[in-house]
Amino acid sequence: MATTETKVSGSSTVGLSWARVCKECGQQHDSQDSHLYEYQDEVDDELVCHICLQPLLKPMDTPCGHTYCFHCLSSFLKEQDFCPVDRQRLQLHQCRPSSLLVRNLLDKLTVMCPHCAECQQTMQRCELQPHLHNRCPVFRRLREEAEKRKRPSWNELKGRKGDGEGSGDAKHSATLSRNSTRDQPEPGLINPAYEEGEEDHNSLRSSLVAEATVVELIRDEPGEELGLRIVGGKDTPLGNIVIQEIVRDSIAARDGRLAPGDHILEVNDISLASVPHTRAIAVLQLPSLLRLTVMQEKGFKLRDQRSDQNQPTSTGSPGSHSPHSNATSSNNPGTVLQVTLVKSQRTEPLGIKLIRKSDESGVFILDLLAGGLAAKDGKLRNNDKVLAINGHDLRHGTPESAAQIIQASEMRVNFVVMRSAEAQEEGGSSRTSRRTPEPQYFRRRSTYMKDPPGGFSSQEKTVSLKKEPRLSLGITIAGGRDCRSRLPVYITSVQPVGCLHRDGTIKRGDVLLSINGVDLTQLTYNEAVSVLKAQTAQSQVVLRVIQTLSEESEEDTEANDDELDIAEDSRDDTLNWTPLWTRWLGLPSHMHWCRDIVLQKTNNESWGFSIVGGYEESHGQQPFFIKTIVPGTPAHFDGRLKCGDEIVAVNGATTVGMNNSSLIPMLKLQKNKVTLTVVSWPGSLV
């Protein structure tokens, strides 16, 4: 057995600062050093790193049978090329993460809160970070003090009142922890998210805050998905690589630090700032550990209302530090509500049952227990989506994390919830009320005709075959207008045993147009299967498909496609295979399906999204795409708008042919409500 020694004493909080304290272990150490923990029991020698002589962190197994901390081993191998114990030749890419059993044993080691002078709690190592962020009084005090210091002085704020209106990203400065290309205005970039209402003369300008963060993710198996859906790339109008969605219960979801809208700047020191989409996907599919440097929007820095007590206060309670305090109030015709429950004693239960849904991320209220505090209060309702509790963002959270926050709360529990329009109309009184399926007319065939983005196009292909009636075409399909993204039916594989494989014209990813003159573009999956079975029973088959193309060099495209095909085939999951996001961009507009998204806000709020697109000298007229969604804004709370969505109309008026100078005023004129008609394609899954 090994007795571990504490490297940093947690008995005193003197000299602690929020900037220097580690947000994961709570100790003060350099960012490049390993985390420090105060272990309460002796640790088995098998769980101790042979380099730092401390319990393993992110353990990695070598081919020669030794185990080290990832950080220790990677630092050692930068200088040497052998195993520290037996000196056998070794490179980092030969190592693999330790088994789940070993990692679970390490997570269950008992540690003490590093701020034991005021907080003497002990817990499992894996529970320390949630404890620090939700329950530790010292950690909470350091965070609040840092937030107070970040608020600009009254003189600085007063000086901003007379600032002229700017344009693009340069309008509001972002607080960045590292240099980024985001500091420079980009061609065609407009930000209606950052526009203030013209009539809001008394409000003080606030700045958009963004931070660069490093996130490490480990694949247990080389082909395992991270659970990220990715959009963007230098060959697309977005330019940057952006996370569109986090897949539930995936590696990224369990880690919890990444969020939709994060811009991926680097992966394992490989810059993604100017790489095409396919190259970025190949880099993100590297095996084992990935070190992602991402730029995360943190929302708007709140105004200091205490210094302006004579001024009218804006939406939200004075002095509130929560990013959700600017959300739509319960009196607003919008769907975002704030509810505060006050307990008679700290341990009083709220009487709320929380669930997750299979078709939508986040936390929902299943039921309010009769006689409970929430039921007596009467403001929360069944099926409300919980956006935040006590300032903790739960838009992509879990019922378990929500329960932890509630249990750690004091007497007041502040909820921010989103209520569907149907629930408001029905009164939400039914015990069995559930969110009704989205009506079909909300997802409809687009009538807005336009050209694809510059560099993307499509071509039709027709194959005419004479075959035996019982001979199969040898293809598998997916999609259909009843699937989540309302995709057209596309080919997921061409089997070697079918007649289409011998012809060689039809490829995986091709979209089906018709078979023997029967249109397939607007059918559901089951309808398409029935039609294909009926028509392939004939001896003569004429199949029309459409293939999307890009101007990316053919050699690079083929090389990257080969890499991706190998990774996808290794999963043997052709039924769930989906084309890359960029493949959808070249599809002609008559095959698009669109939806209307209605956003509502108060006069002094921003819509909460930025856009790229419009006229560009290099590519001509480009469609408008959503590039950023800002936390704590109407677009964020609504949850339907995604990065990579294409805006085809505003309040029914087409955006085709518009430039920045015509679209910006249109969005600014919509003071309280705007209807965005968008086309949304699923991001590339990695």
Side-chain angles (χ1 to χ4, degrees), residues 229 245 247-248 357-360 434-447 458 460-465 467-501 505-548 568 571-581 583-584 587-596 640 679-685:
R229 288 199 175 272
E245 189 177 355
V247 179
R248 204 179 74 183
K357 293 187 176 182
S358 60
D359 60 342
E360 186 175 353
R434 293 290 182 270
R435 182 175 181 178
T436 56
E438 188 179 59
Q440 192 74 5
Y441 62 81
F442 280 149
R443 296 270 196 175
R444 63 189 187 279
R445 188 171 182 174
S446 177
T447 58
S458 61
E460 289 191 18
K461 300 184 293 186
T462 301
V463 176
S464 181
L465 297 172
K467 53 180 282 297
E468 295 293 331
R470 294 183 180 181
L471 184 62
S472 168
L473 292 179
I475 59 173
T476 59
I477 63 171
R481 298 306 187 179
D482 55 340
C483 72
R484 179 187 176 193
S485 299
R486 305 299 194 268
L487 300 173
V489 178
Y490 60 90
I491 296 173
T492 59
S493 69
V494 181
Q495 303 296 328
V497 295
C499 52
L500 286 177
H501 181 268
T505 304
I506 304 300
K507 303 291 185 183
R508 180 165 69 170
D510 289 349
V511 176
L512 297 176
L513 296 178
S514 67
I515 182 168
N516 291 347
V518 180
D519 182 42
L520 300 171
T521 60
Q522 308 302 320
L523 301 185
T524 65
Y525 175 79
N526 288 332
E527 290 171 345
V529 170
S530 298
V531 170
L532 287 171
K533 286 183 177 179
Q535 296 300 320
T536 53
Q538 302 181 25
S539 58
Q540 178 79 24
V541 173
V542 178
L543 185 65
R544 290 175 56 242
V545 301
I546 194 166
Q547 176 186 5
T548 56
E568 288 159 351
R571 293 198 300 264
D572 193 23
D573 196 15
T574 56
L575 290 177
N576 293 325
W577 178 89
T578 57
L580 295 181
W581 176 74
R583 292 209 189 190
W584 298 115
L587 211 58
S589 56
H590 70 269
M591 297 190 66
H592 293 182
W593 271 39
C594 61
R595 69 188 302 195
D596 290 337
R640 291 174 293 173
V679 174
S680 183
W681 303 113
S684 303
L685 183 61

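Each residue takes its place number in the sequence, starting with 1.
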Inset, instruction - State, with a plain yes or no, whether a side-chain heavy atom of Ser493 is found less than 4.5 Å away from one of Thr476. - result: yes

Legend entry - Val511 side chain reached by Ser458 side chain, heavy atoms, under 4.5 Å: no

Legend entry - Reported CD1-to-CG distance for the pair Ile546 and Leu513, which is rounded to 0.5 angstrom: 5.5 Å

Inset, instruction - Kindly indicate whether the side chain of Trp681, heavy atoms from C-beta on, has any atom under 4.5 Å from the side chain of Leu487. - result: yes

Inset, instruction - May I ask you to test the Pro682-Arg229 pair for a side-chain heavy-atom distance under 4.5 Å? - result: yes

Inset, instruction - Might you point out which heavy atoms bring Pro579 and Tyr490 nearest each other, and give the distance in Å? - result: CD-CE1, 3.5 Å

Inset, instruction - Taking side chain to side chain contact (heavy atoms under 4.5 Å, CB included) as the test, write out the residues that go with Val489, two or more places apart. - result: Ile477, Leu512, Ala528

Legend entry - Partner set under salt bridge (charged side-chain N to carboxylate O under 4.0 Å, His left out) for Glu460, not counting sequence neighbours: Arg544

Inset, instruction - Kindly write out the residues that satisfy side chain to side chain donor-acceptor pair (under 3.5 Å) with Gln535, not counting sequence neighbours, or none if the list is empty. - result: Asn516, Gln538

Legend entry - Inter- and intrachain pairs under salt bridge (Lys or Arg N to Asp or Glu O under 4.0 Å), touching residues 513-538, at least two apart: none

Legend entry - For Lys461, salt bridge (charged side-chain N to carboxylate O under 4.0 Å, His left out) partners two or more places apart: Asp510

Legend entry - By side chain to side chain contact (heavy atoms under 4.5 Å, CB included) - contacts of Ser464 (at least two apart): Gln540, Val542

Inset, instruction - Find the distance between NZ (Lys507) and CG (Leu500) and round it off to the nearest 0.5 Å. - result: 11.5 Å

Inset, instruction - Spell out, as yes or no, whether a donor-acceptor pair under 3.5 Å connects the side chain of Lys467 to the backbone of Leu473. - result: no

Inset, instruction - Report the C-alpha distance between His592 and Trp584 in whole Å, list the side-chain angles of each, state the deciding distance to 0.1 Å, and finish with yes or no for ring-ring contact (aromatic ring centres under 6.0 Å, His included). - result: CA-CA 9 Å; His592 293 182; Trp584 298 115; 9.5 Å; no

Legend entry - Separation between CG of Leu532 and CG of Leu543, rounded to the nearest 0.5 Å: 7.5 Å

Inset, instruction - Measure from the side-chain N and O atoms of Arg481 to the backbone N and O of Arg486, and report whether any donor-acceptor pair falls under 3.5 Å. - result: yes

Legend entry - Heavy-atom donor-acceptor pair, Thr548 side chain to Leu587 backbone, under 3.5 Å: no

Legend entry - Partners meeting side chain to side chain donor-acceptor pair (under 3.5 Å) with Thr505 (sequence neighbours left out): Asp503

